[in-house]
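Notes to accompany the following structure.
What you see is a predicted model, and the numbers here were worked out from it, not measured in a lab.
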Amino acid sequence: MRRTTLGALFFGWLYGVPFLLIVGLIRRYTLPTFATRAEAEHFATVTDRYLSTAMGLNVAVPLLGLLVAVMLRDRYWRTHFLGALAGMLLFLAVYGIAATQSAAPLIGTVPPAREPVPEVTVCIPTSGGRACPGG
């Protein structure tokens, strides 16, 4: 029973966290266009939740698995979770370096609200001695 529980925890971490990271990173580095700023901010919030959840689980699950394996005196899973922690620390270091060098925007692009510039076709003279440009 305990080996299957620790195995489920380990393999859930092994496949679940990269899935969340991949989804979050794909969302993070795409530049969709939104009709409003609120839609763009919602997209950014959901993307940040994916990445925050993945990073939190990336730390918490191996620590929890290691704690349970030590309490159960299960050497096999203790070794696996120690390796997972070492790999996770290496991953976080690489991710941190990549994040500091990234210049991607935080939210998707929102088209600017522009009003059309009126075209001047008729000159209306004003008082004060100003003449119409061009005659």
Distance (rounded to the nearest 0.5 Å) between [X] [atom1] and [Y] [atom2]:
X   : Y   : atom1 : atom2 : value
L21 : T53 : CG    : OG1   : 10.0 Å
T45 : R49 : OG1   : CZ    : 6.0 Å
W77 : L72 : CH2   : CG    : 12.5 Å

Check: Can you name the residues that form a ring pair (Phe, Tyr, Trp, His ring centres under 6.0 Å) with Y76, not counting sequence neighbours?
Finding: H80

I'd like a table of donor-acceptor pairs (distance under 3.5 Å, sequence neighbours excluded) in which one partner is a side-chain atom from residues 55-70, with atom names and distances.
unit_1	atom_1	unit_2	atom_2	d
N58	OD1	W13	NE1	3.2

Next item on the list: Please tell me if the side chains of T30 and F43 come closer than 4.5 Å, counting only heavy atoms from C-beta onward.
Entry: yes

Next item on the list: Step by step, work out the side chain to side chain contact (heavy atoms under 4.5 Å, CB included) result for E39 and H42.
Entry: CA-CA 5 Å; E39 289 176 0; H42 175 69; 5.7 Å; no

Next item on the list: Report the residues that fulfil side chain to side chain donor-acceptor pair (under 3.5 Å) with R27, sequence neighbours left out, ordered by chain and then residue number.
Entry: T47

Item checked: F10, CZ: over 12 other non-hydrogen atoms inside 6.0 angstrom -> yes

Check: What pairs with I22 under side chain to side chain contact (heavy atoms under 4.5 Å, CB included), at least two apart in sequence or on another chain?
Finding: I26

Next item on the list: Please list, chain by chain and in numerical order, all residues satisfying side chain to side chain contact (heavy atoms under 4.5 Å, CB included) with L89, sequence neighbours excluded.
Entry: none

Note to self: For a quick test of reading the model, state the closest non-hydrogen atom pair linking L6 to D74 and the distance between them.
What the structure shows: CD1-OD2, 3.9 Å

Item checked: Qualifying side-chain hydrogen bond (donor to acceptor under 3.5 Å, both in side chains) pairs, either residue in residues 15-25, two or more places apart -> none

